[in-house]
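The block underneath contains the structure these notes are about, expressed in structure tokens.
Lettering of chains follows the sequences in order, A, B, ..., and the numbering in each one begins at 1.
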There are 2 protein chains.
Amino acid sequence: MPLIRQARRQGGLALLAKQQGLRLTRQRRLIYSILEAAQTHLNAKQILAEAQKFDPGIDQVTIYRNLAVLKRLRVVDELDLLHLKGDQHYYEARQVRAHSHVACLSCGKVFEFYTPAMKTIDQALEKECGFEVSFTRIEIGGYCAECRKKRGVSPASLKGHKVPRSVEPERI
Amino acid sequence: MPLIRQARRQGGLALLAKQQGLRLTRQRRLIYSILEAAQTHLNAKQILAEAQKFDPGIDQVTIYRNLAVLKRLRVVDELDLLHLKGDQHYYEARQVRAHSHVACLSCGKVFEFYTPAMKTIDQALEKECGFEVSFTRIEIGGYCAECRKKRGVSPASLKGHKVPRSVEPERI
DNA sequence: ATCTATTTGCAAGTCATTTGCAATAACAAC
DNA sequence: GTTGTTATTGCAAATGACTTGCAAATAGAT
């Protein structure tokens, strides 16, 4: 998408926004720059906290509204991360190539992973169904090498037991 | 997982549930059988509606609680479908092989797609990272062949405009 | 500097999902 | 079959992410 690349080249959303009749407000710039600077995905609450360091008056609605705009502009991706971290959405500045989020169901760690097969999926879909892929979201759950070592291969008991929500490994 | 296969073979959850100290209530059976019979993903509300046809007194909390149990037992998968259909979760009885949900951003249609490359991803992750994959969720957004024909290749204007929530194509 | 449409912040809503709790029912042991 | 224990249910109330209405503020074109 040439539009997006152009916007990036001038260090922001200026051109892209202008072409859509959107305005580049202080808040909008800030929210985008936070996502751009973050090396990882953030949820609305985290973005709000970060934004308030620079603009204490900024409201959460502004975060939500701008995330919606940035999604429409396709410069930000929305993820769901398997609800591993609770029921919020996570956002990240759009990456160049497809990648997946891999979550360890034992320790809760989330990392990104890329392999060429991801591109192959899109190509197959295009060829077999004539579908034009805009974005692909791949989320993988399982057990990381460390946890496998630590606890043997078998996942913890499936029996439910209470754990604080923010910590719960939420096996799916 | 041999446990799951066993449970399936006897036509339900009996063995699997017993081994976890869980009870096979009327409601639990019903909810599982609805998902098993459905050829597609359903959300909590749809499951409740269907369940009430057979058990009018069944409550929505029972749906939610049992979906959580069935997820833990790994006989039901939870999807998010890109929030194309609103902010609810969708559930389906666990399928044998990995598959993806492909959503058309224009008409809202969701279909399933499988290509061997999906398996390749899991293998790459296993080989490169020593990660044990439990499940893979692939969600793809874009434009289906029909909509591409109808409206030309370009997606609708990116400019925001109000559309009832249940209908909005929610471009990401 | 002016004008107009977009955007903001606040307050109040919405809605899926969760939790507390007493009553009910599974199922194992008699 | 009866009994006892404990998981599960249904109800009502709460939670929490996200959205909406609206008047005031401001970006950006003229």
Side-chain angles (χ1 to χ4, degrees), chain A residues 12-15 17-32 42-49 51-52 55-73 78 80-81 83 85-91 158-166 168 170, chain B residues 13-15 17-32 42-49 51-52 55-73 78 80-81 83 85-91 159-166 168 170:
Chain A
L13 307 159
L15 204 164
K18 190 178 292 186
Q19 297 194 320
Q20 304 295 328
L22 301 173
R23 291 177 185 174
L24 267 193
T25 62
R26 177 170 38 89
Q27 295 93 327
R28 185 162 292 165
R29 282 177 193 283
L30 177 57
I31 291 166
Y32 179 65
L42 302 172
N43 62 27
K45 190 185 264 181
Q46 294 171 318
I47 296 169
L48 175 63
Q52 285 179 330
D55 183 348
I58 198 169
D59 191 272
Q60 59 166 332
V61 280
T62 303
I63 305 293
Y64 283 115
R65 286 196 273 231
N66 275 298
L67 286 172
V69 168
L70 293 171
K71 277 195 295 175
R72 277 210 307 276
L73 291 176
E78 184 184 40
D80 292 299
L81 295 182
H83 302 287
K85 300 184 164 190
D87 265 337
Q88 310 135 55
H89 299 164
Y90 280 76
Y91 303 86
L158 289 168
K159 187 76 187 299
H161 49 88
K162 297 222 177 175
V163 182
R165 184 182 186 168
S166 58
E168 183 170 21
E170 168 81 343
Chain B
L13 305 160
L15 205 164
K18 190 178 292 186
Q19 295 195 321
Q20 303 297 327
L22 300 173
R23 291 176 185 174
L24 267 193
T25 62
R26 178 169 38 89
Q27 297 91 328
R28 184 162 294 163
R29 283 177 192 283
L30 177 56
I31 291 166
Y32 180 65
L42 301 171
N43 62 27
K45 191 185 265 181
Q46 293 171 319
I47 296 169
L48 175 64
Q52 285 180 331
D55 183 348
I58 198 168
D59 190 90
Q60 57 169 333
V61 280
T62 302
I63 305 294
Y64 283 114
R65 287 197 271 233
N66 275 297
L67 286 172
V69 168
L70 294 172
K71 278 196 294 175
R72 278 211 306 277
L73 291 176
E78 184 184 42
D80 292 299
L81 294 182
H83 301 288
K85 299 184 164 189
D87 265 336
Q88 310 136 54
H89 300 164
Y90 280 77
Y91 304 86
K159 189 75 187 300
H161 50 89
K162 298 221 177 176
V163 182
R165 183 183 186 166
S166 58
E168 182 170 24
E170 169 81 344

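- Each of V69(A) and K45(B) has a nearest nucleotide on DNA chain C; the 5'-most of these lies closest to V69(A).
- Between the CG atom of L67(A) and the NE2 atom of H89(A) there is a distance of 11.0 Å, given to the nearest 0.5 Å.
- Considering every non-hydrogen atom in both R23(A) and R28(A), the closest pair reads O-NH1, 2.9 Å.
- Of the residues in residues 58-65 of chain B, those with a non-hydrogen atom less than 4.0 angstrom from any atom of DNA chain D are I58(B), D59(B), V61(B), T62(B), R65(B).
- With rounding to the nearest 0.5 angstrom, the CZ atom of R65(B) is 14.0 Å from the CG atom of L70(B).
- One can place NZ of K71(A) at 7 Å from P of dT19(D), the figure rounded to the nearest angstrom.
- When the nearest nucleotides of DNA chain C are assigned to G57(A) and Y91(B) by heavy-atom distance, the more 5′-ward of the two goes with G57(A).
- At whole-Å resolution of the value, CZ in R28(B) and P in dG10(D) are 12 Å apart.
- When the C1' atom of dT7(C) is taken as reference, atom CG of L67(A) falls 15 Å away, rounded to whole Å.
- At distances below 3.5 Å, not a single donor-acceptor pair connects side-chain atoms of Q52(B) with backbone N or O atoms of A49(B).
- Here the straight-line distance linking atom OH of Y91(A) with atom CD1 of I63(A) works out to 10.5 Å at 0.5 Å rounding.
- Protein atom CD of Q46(B) is 11 Å distant from nucleotide atom P of dT17(C), rounded to whole Å.
- Qualifying side-chain contact (heavy atoms from CB on, under 4.5 Å) partners for Q27(B), counting only residues two or more places apart in sequence or in other chains: T25(B), D55(B), I58(B), T62(B).
- dC15(C) atom P lies 16 Å from atom CG of L48(B), rounded to whole Å.
- For the helix from dA1(C)-dT30(D) to dC30(C)-dG1(D), the angle separating the two terminal helix axes comes to 50°, with each axis derived from five pairs and the value rounded to 10°.
- Atom CD in E78(B) sits roughly 15 Å away from atom P in dA16(C) (whole-Å rounding).
- OP1 or OP2 of dC18(D) sits under 4.0 Å from a side-chain N or O of H89(A).
- Atom P of nucleotide dA27(D) and atom CG of L30(A) are separated by 14 Å, given to the nearest angstrom.
- Atom CG in D55(A) sits roughly 13 Å away from atom C1' in dT26(D) (whole-Å rounding).
- Phosphate proximity of dT17(C) to N43(B): absent, as no side-chain N or O sits under 4.0 Å from OP1 or OP2.
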**Summary of protein contacts for nucleotides 24-30 of chain C, nucleotide by nucleotide, where a base hit scores B, a sugar-phosphate-only hit scores S (4.0 Å, heavy atoms)** = -BBS---

**Item:** Criterion side chain to side chain contact (heavy atoms under 4.5 Å, CB included) on Q46(A) and N43(A), from CA distance to verdict
**Value:** CA-CA 5 Å; Q46(A) 294 171 318; N43(A) 62 27; 3.1 Å; yes

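- For the atom pair CG of L48(B) and OH of Y64(B), the computed distance is 8.5 Å after rounding to the nearest 0.5 Å.
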